[in-house]
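What follows is a single structure, written as structure tokens, with notes after it.
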Amino acid sequence: APLSLSLCSNNNPYASFGATLARDEEQNLWSTPHDVTHTEADDDRVLYNMIVVRNQLDKDSEEWQKLNYDIYTLRQTRKEVRSRWKHILEDLGFQKEADSLLSVTKLSIISDSQNMSKARDILLKLSEETNIFPTSWELSERYLFVVDRLIALDAADEFFRMASAVYPKRPGGERADEGPRP
């Protein structure tokens with residue numbers, strides 16, 4: 001059965017629209033066009049469906065402009081998160097392997113099903129105790145694969161320690177890169 005973390009919000013209007021439409025293998029839903037390192041996870045379907053809806057609208061319309069901005073913002077956020085992960089991987093000595101460790105495709109598998117709960121726990125800890133993900137970030141299934149690879153390399157705990165040092169959360173739940181919450 002496919003892994004499901006139920007991490008995508010159910011109130012997203014784009015969560016199921018067009019999710020069964022065939023996708024061009026080269027259509028990247030993760031960050032940039034023609035990058036095949038994507039997976040058909042929930043967050044990819046949300047982005048894909050936003051693109052489908054946008055492409056059906058008149059380019060001069062306010063709705064098209066809003067959706068276009070939302071799509072751009074989502075892609076930029078994802079690029080930033082990937083950049084943070086890559087930075088830590090490189091600091092851990094995985095300079096040559098960082099891109100392949102972060103590459104998740106439809107063919108990616110979890111190396112050891114016994115690692116699944118540990119990988120999920122580490123990913124949640126990263127989300128709750130570090131600033132490696134933005135506040136509004138919904139946990140992505142793709143990073144479960146990355147954490148699984150780190151467990152297999154016996155580097156997951158060290159990754160968490162470094163993420164805590166490089167991207168710490170402020171006391172009171174505030175993130176280091178944000179001002180006070182309204």
Side-chain angles (χ1 to χ4, degrees), residues 1-12 14-15 29-32 35 37-47 70 72-105 108-182:
L3 173 67
S4 176
L5 292 178
S6 302
L7 296 173
C8 245
S9 64
N10 293 331
N11 59 1
N12 189 313
Y14 306 107
L29 306 175
W30 182 245
S31 55
T32 53
D35 171 2
T37 65
H38 69 276
T39 181
E40 291 188 2
D42 286 349
D43 53 344
D44 281 339
R45 280 191 288 277
V46 168
L47 180 56
D70 291 346
Y72 172 81
T73 302
L74 185 55
R75 284 186 163 151
Q76 289 306 111
T77 302
R78 290 174 171 191
K79 282 182 186 177
E80 173 61 24
V81 169
R82 187 183 190 283
S83 159
R84 291 176 184 186
W85 280 71
K86 185 173 179 177
H87 171 74
I88 293 174
L89 287 170
E90 288 173 345
D91 283 355
L92 286 174
F94 295 110
Q95 290 89 351
K96 292 180 181 170
E97 302 89 347
D99 286 325
S100 60
L101 283 170
L102 290 169
S103 174
V104 177
T105 69
S108 297
I109 57 166
I110 295 292
S111 64
D112 182 350
S113 59
Q114 293 181 337
N115 287 347
M116 183 55 63
S117 65
K118 182 175 181 185
R120 189 176 282 119
D121 290 346
I122 291 171
L123 191 61
L124 287 170
K125 233 170 94 165
L126 282 164
S127 172
E128 293 166 0
E129 299 177 27
T130 76
N131 187 28
I132 198 162
F133 296 113
T135 304
S136 60
W137 184 266
E138 291 178 5
L139 282 183
S140 170
E141 188 176 326
R142 75 187 305 107
Y143 285 102
L144 196 62
F145 286 90
V146 179
V147 173
D148 172 66
R149 293 168 185 167
L150 292 172
I151 291 170
L153 292 167
D154 200 26
D157 293 333
E158 190 58 33
F159 184 93
F160 176 79
R161 276 193 291 281
M162 189 165 288
S164 299
V166 178
Y167 300 107
K169 252 193 188 175
R170 288 185 178 161
E174 281 183 17
R175 307 247 177 177
D177 62 350
E178 293 179 357
R181 293 189 178 173

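Everything quoted here is computed from the prediction, not taken from an experiment.
Note that the CZ atom of Arg142 and the CG atom of Leu102 stand 8.5 Å from one another [nearest 0.5 Å]. The CZ atom of Phe133 sits 5.0 Å away from the CH2 atom of Trp85 when rounded to the nearest 0.5 Å. Note: Lys125 NZ to Ser164 OG = 7.5 Å, rounded to the nearest 0.5 Å.
Closest non-hydrogen pair, Ile122 versus Ala156, comes out as CD1-CB, 3.6 Å. Scanning all heavy atoms of the two residues, the minimum distance from Arg149 to Leu101 falls at NH1-O, 2.8 Å. Among all heavy-atom pairs drawn from Met162 and Leu92, the shortest one is CE-CD2, 3.7 Å. In terms of heavy-atom proximity, Glu128 sits nearest to Lys169 at O-NZ, 2.8 Å. When all heavy atoms are compared, the tightest approach of Lys118 to Asp157 is NZ-OD2, 4.3 Å. Scanning all heavy atoms of the two residues, the minimum distance from Ile132 to Arg84 falls at O-CD, 3.3 Å.
Between His87 and Tyr167, the ring planes lie perpendicular to each other; the angle is over 60°, past the 30° to 60° tilted range.
Distance alone, capped at 3.5 Å, places no donor-acceptor pair between the Ser127 side chain and the Leu123 backbone. At least one donor-acceptor pair closer than 3.5 Å links the side chain of Thr130 to the backbone N or O of Leu126.
Comment: Asp148 does not engage Arg120 in a salt bridge, judged by the lack of any side-chain N to carboxylate O separation of less than 4.0 angstrom.
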